[in-house]
Enquirer: 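Dumping the structure here so I can ask a few things about it.
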Amino acid sequence: MAVVAYDSRVNMWFAKRDYDRAIADLNELIRLDPKGVAYLNTRGNAWYAKRDFDRAIADKAMVAGYHWDLPNVGTIAKDGNGYVFTPAA
């Protein structure tokens, strides 16, 4: 399926509040276009709508990571009451 078709379906799933299907299509879009920052942001919004805040924050943090100088790749982990970015080795 083409990227445009997945993107259209994501919009439809959001309109129907079917966030699980939106996330499934967004996962495929991210697989097809790993640098598609907008897909990460949209998936973060879907996680937020499902009240899965840990995953929402992780996706949004990855998006922010694309705008940092170096390192721009890493993981997000819980740190007490907040979260911490750990750069990739």
Side-chain angles (χ1 to χ4, degrees):
M1 185 180 300
V3 169
V4 174
Y6 277 112
D7 197 40
S8 294
R9 280 191 355 179
V10 166
N11 291 329
M12 178 188 66
W13 298 135
F14 262 85
K16 293 182 175 193
R17 295 183 180 173
D18 190 340
Y19 302 115
D20 290 326
R21 287 184 176 172
I23 289 167
D25 281 350
L26 285 159
N27 289 340
E28 186 61 18
L29 282 166
I30 292 165
R31 186 189 69 77
L32 293 170
D33 183 8
K35 294 185 180 183
V37 175
Y39 305 137
L40 285 170
N41 187 51
T42 303
R43 189 176 66 181
N45 291 333
W47 290 125
Y48 183 82
K50 288 178 52 95
R51 301 297 187 244
D52 191 336
F53 299 120
D54 287 338
R55 288 182 175 176
I57 290 170
D59 275 355
K60 299 244 185 222
M62 285 188 71
V63 170
Y66 282 105
H67 301 290
W68 298 332
D69 291 334
L70 288 174
N72 63 358
V73 176
T75 59
I76 301 298
K78 278 209 171 237
D79 182 27
N81 291 330
Y83 295 85
V84 63
F85 175 78
T86 304

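All values derive from a computational prediction rather than experimental measurement.
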Enquirer: Partners of Tyr6 by ring pair (Phe, Tyr, Trp, His ring centres under 6.0 Å), sequence neighbours excluded?
Expert: none

Enquirer: Which distance, rounded to the nearest 0.5 Å, do you find between the CG of Asp52 and the OH of Tyr48?
Expert: 12.5 Å

Enquirer: Grab the two heavy atoms, one from Tyr39 and one from Asp7, that are nearest each other, plus how far apart they are.
Expert: CE2-OD1, 4.1 Å

Enquirer: With a 4.5 Å cut-off on side-chain heavy atoms, are Val10 and Thr42 touching?
Expert: yes

Enquirer: What donor-acceptor contacts under 3.5 angstrom involve side-chain atoms of residues 19-31, with partners at least two apart or in another chain?
Expert:
unit_1, atom_1, unit_2, atom_2, d
Asp20, OD1, Lys50, NZ, 2.4
Asp25, OD1, Arg9, NH2, 2.6
Asp25, OD2, Arg9, NE, 2.8
Asp25, OD2, Arg9, NH2, 3.1
Asp25, OD2, Trp13, NE1, 2.9
Asn27, OD1, Arg43, NH1, 2.7
Asn27, ND2, Ile23, O, 3.4
Glu28, OE1, Arg31, NE, 3.2
Glu28, OE2, Arg31, NE, 3.1
Glu28, OE2, Arg31, NH2, 2.4

Enquirer: Compute both the distance and the angle, then confirm whether Arg55 meets the cation-pi test with Phe53: under 6.0 Å from the six-membered ring centre, within 45 degrees of the axis.
Expert: no

Enquirer: Any idea which heavy atoms bring Ala56 and Gly44 closest together, and the distance?
Expert: CB-O, 3.4 Å

